[in-house]
Amino acid sequence: MLDFNVGIIGTGKYIPDKIISNHTLETMVDTTDEWITRRTGIKERHLLEEDVPSYTMGAIAAKQAISDAGITPEDVDLIIATTEAPDYLSPSMACLIQGEINAKNAAAFDVNAACTGFVYAMTIAQQFIQTGYYKHILIVSNEALSRIVDWKNRSTCILFGDAAGAIVLGKVDKEYGIKESYIASFGDLGHSITIPCCFVSEDEKKKRREGMEHTIWQDGSEVFAFAVRAMTDATNLVLEKAGISINDVDMVVPHQANLRIINGAAKRLGLNDEQICVILQDTGNISSASIPVALDISAKNGKLKKGDILVFVAFGGGLTCGSLCLSWGK
Ligand code: COA
């Protein structure tokens, strides 16, 4: 038996200053603030300036998380980045961030599990620390979704925003840290959210305007149905693995895609409003950055107490889903 557990020892985030409100979107596409609010819960989203590379957001979030953990960039053994809109296919987002923060002793790679990326990355990182291979792992979820959105397509452009969230994982006392995790993929449903890259099929071209071949497309209602089911099942599964009842959970931090998805899953799980962390009204869907950004906001606002039981749960492209249960140890 190990005499330690793996837990979060630092958090950070970066949200760009520039705001696009629903009212601004009314001037860009055929939509209304009323429609967006009622169907999604989103009121505004933040956008990175066009001439700034996306990894700079992640670097700021990473520096905060490292400082919050009380370590230095040289102490980081591994960087795992998650993103749906990389600046380059190569170098990876993780390597770009490593260079920017001068974490010269770290290995670095990206994980592609779309909006579930953060939960996947935590699950991967946990194994490295548990086995003693690494001591400190930085996870950065860095998402500039404004760059893969067709700003003339009202069914997608209203949903997404830009931000980065980061955590440092390290050793914590045995009673705290990660209890259980669950990750799953459903490749047979991959067609329902797509962002073509080096090959664009005729099918994918038909779904988009000419010149917009590399933008995000989704079957909104198919994803919606999957999301409510996946968030509910993944939460139940991880709690069962951990031997914890839903009543013992202090806070669920869900992926922030649509308030109706969160409420649908919460109702099935029997969660009350106080148990759920929601930030999407101010950020929109920021993909894999949703959970670490929401977590950092909750931690810095003093909403988390040592020993609180938290559940992270996400779904996304792939399709993928995942959940993780932990005892907050900071
Ligand atoms: N403003 C006004 N009307 C809009 C609109 C907008 N921004 N977007 C779509 N509409 C219209 C549609 O054209 C449709 O009109 P019609 O009935 O005349 O054809 C009507 O509103 C209803 O569209 P529908 O797609 O059924 O709406 P919805 O209630 O399912 O909401 C989503 C659409 C995309 C918000 C919702 O399906 C969703 O959130 N899905 C999950 C997507 C997701 O989470 N993706 C991220 C994965 S990580």
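Residues take their numbers from the sequence shown, with the count starting at 1. Just follow the structure's listing: the first ligand is 1, and inside any ligand the first atom is 1. Quick caveat: nothing in here was measured; it's all calculated off a predicted structure.
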(request) Tell me, please: is Ile261 in heavy-atom contact with ligand 1, that is, under 4.0 Å? (result) yes
(request) For atom 16 (P) of ligand 1, decide whether some protein heavy-atom distance is shorter than 4.0 Å. (result) no
(message) For atom 31 (O) of ligand 1, what's the nearest protein heavy-atom neighbour? Residue, atom name and distance, please.
(response) Arg260 NH2, 3.6 Å
(request) Considering heavy atoms of the protein only, find what lies nearest to atom 24 (P) of ligand 1 and give residue, atom and distance to 0.1 Å. (result) Arg39 NH1, 4.4 Å
(request) In plain terms, say whether Arg38 and Glu34 are close enough for a salt bridge, that is, a side-chain N and a carboxylate O under 4.0 Å apart. (result) yes
(message) Side-chain heavy atoms under 4.5 Å apart, restricted to Ile/Leu/Val/Met/Phe/Trp/Tyr: what other residues fall into the cluster of Ile279, or is it alone?
(response) Ile15, Ile286, Val293, Ile297
(request) Could you tell me whether His255 and ligand 1 have an N or O pair separated by under 3.5 Å? (result) no
(request) Identify, for atom 43 (C) of ligand 1, the protein heavy atom at the shortest distance, and state residue, atom and that distance. (result) Gln218 OE1, 3.5 Å
Side-chain donor-acceptor pairs of residues 89-96 under 3.5 Å, sequence neighbours excluded:
from  : atom 1 : to    : atom 2 : distance (Å)
Ser92 : OG     : Cys95 : N      : 3.0

(message) What protein heavy atom lies closest to atom 13 (O) of ligand 1? Include the residue and the distance to one decimal.
(response) Arg154 NH2, 2.9 Å
(message) Suppose I only count heavy atoms of Thr40 and a 4.0 Å limit; which atoms of ligand 1 are within that range?
(response) 35 (C)
(message) Check contact between Ile36 and ligand 1, using heavy atoms of the residue and a distance below 4.0 angstrom.
(response) no
(message) Looking at Asp30 and Arg154, is any side-chain nitrogen of the basic one under 4.0 Å from a carboxylate oxygen of the acidic one?
(response) yes
(message) Using 0.5 Å steps for rounding, measure from the SG atom of Cys321 to the CD1 atom of Ile183.
(response) 10.0 Å
(request) Scan side-chain atoms only and decide if Glu100 and Thr56 contain a donor-acceptor pair under the 3.5 Å cut-off. (result) no
(request) Answer yes if the side chains of Ser298 and Asn301 hold a donor-acceptor pair under 3.5 Å, and no otherwise. (result) no
(message) Salt bridge or not between Lys300 and Asp296? Use side-chain N to carboxylate O under 4.0 Å.
(response) yes
(message) Within the 3.5 Å criterion, strictly below it, is a donor on Ser54 or Tyr88 matched to an acceptor on the partner's side chain?
(response) no
(message) Under a 3.5 Å cutoff, is there a donor and acceptor pairing between the side chains of Thr83 and Asn142?
(response) no
(request) Under 4.0 Å from a heavy atom of Ile158: give me the atoms of ligand 1 that qualify, with their elements. (result) 7 (N)
(request) Scan side-chain atoms only and decide if His23 and Glu44 contain a donor-acceptor pair under the 3.5 Å cut-off. (result) no
(request) For Gly220, take its heavy atoms, then give the atoms of ligand 1 lying under 4.0 Å from any of them. (result) 37 (O), 40 (N), 41 (C)
(request) Under 4.0 Å from a heavy atom of Cys115: give me the atoms of ligand 1 that qualify, with their elements. (result) 48 (S)
(message) Which of the numbered atoms in ligand 1 are under 4.0 angstrom from any heavy atom belonging to Ile193?
(response) 47 (C)
(request) Would you mind checking if Asp150 and Arg209 are paired as a salt bridge, meaning a charged N to carboxylate O distance below 4.0 Å? (result) yes
(request) Below 4.0 angstrom from a heavy atom of Asn285, which ligand 1 atoms are there? Numbered from 1 as shown, please. (result) 46 (C), 48 (S)
(message) If you scan the protein for heavy atoms around atom 10 (N) of ligand 1, do you find one that is closer than 4.0 Å?
(response) yes
(message) Give me the residue, atom name and distance of the protein heavy atom closest to atom 33 (C) of ligand 1.
(response) Trp35 CH2, 4.1 Å
(message) Determine whether any protein heavy atom is located less than 4.0 Å from atom 21 (O) of ligand 1.
(response) yes
(request) Quick one: look up the protein heavy atom nearest atom 1 (N) of ligand 1 and list residue, atom name and how far away it is. (result) Thr31 OG1, 2.7 Å
(message) Only heavy atoms of Phe315, strictly under 4.0 Å: list the atoms of ligand 1 that pass.
(response) 44 (O), 47 (C), 48 (S)
(request) Run the numbers for me: atoms of ligand 1, each under 4.0 Å from some heavy atom of Ala257, listed by number. (result) 44 (O)
(request) Name the closest protein heavy atom to atom 32 (C) of ligand 1, giving the residue it belongs to and the distance to 0.1 Å. (result) Asn258 ND2, 4.6 Å
(message) Test your reading of the structure: does Ser155 have an N or O sitting under 3.5 Å from an N or O of ligand 1?
(response) no
(request) Please round to the nearest 0.5 Å and tell me the distance separating atom CD1 of Ile167 and atom CG of Asp68. (result) 11.5 Å
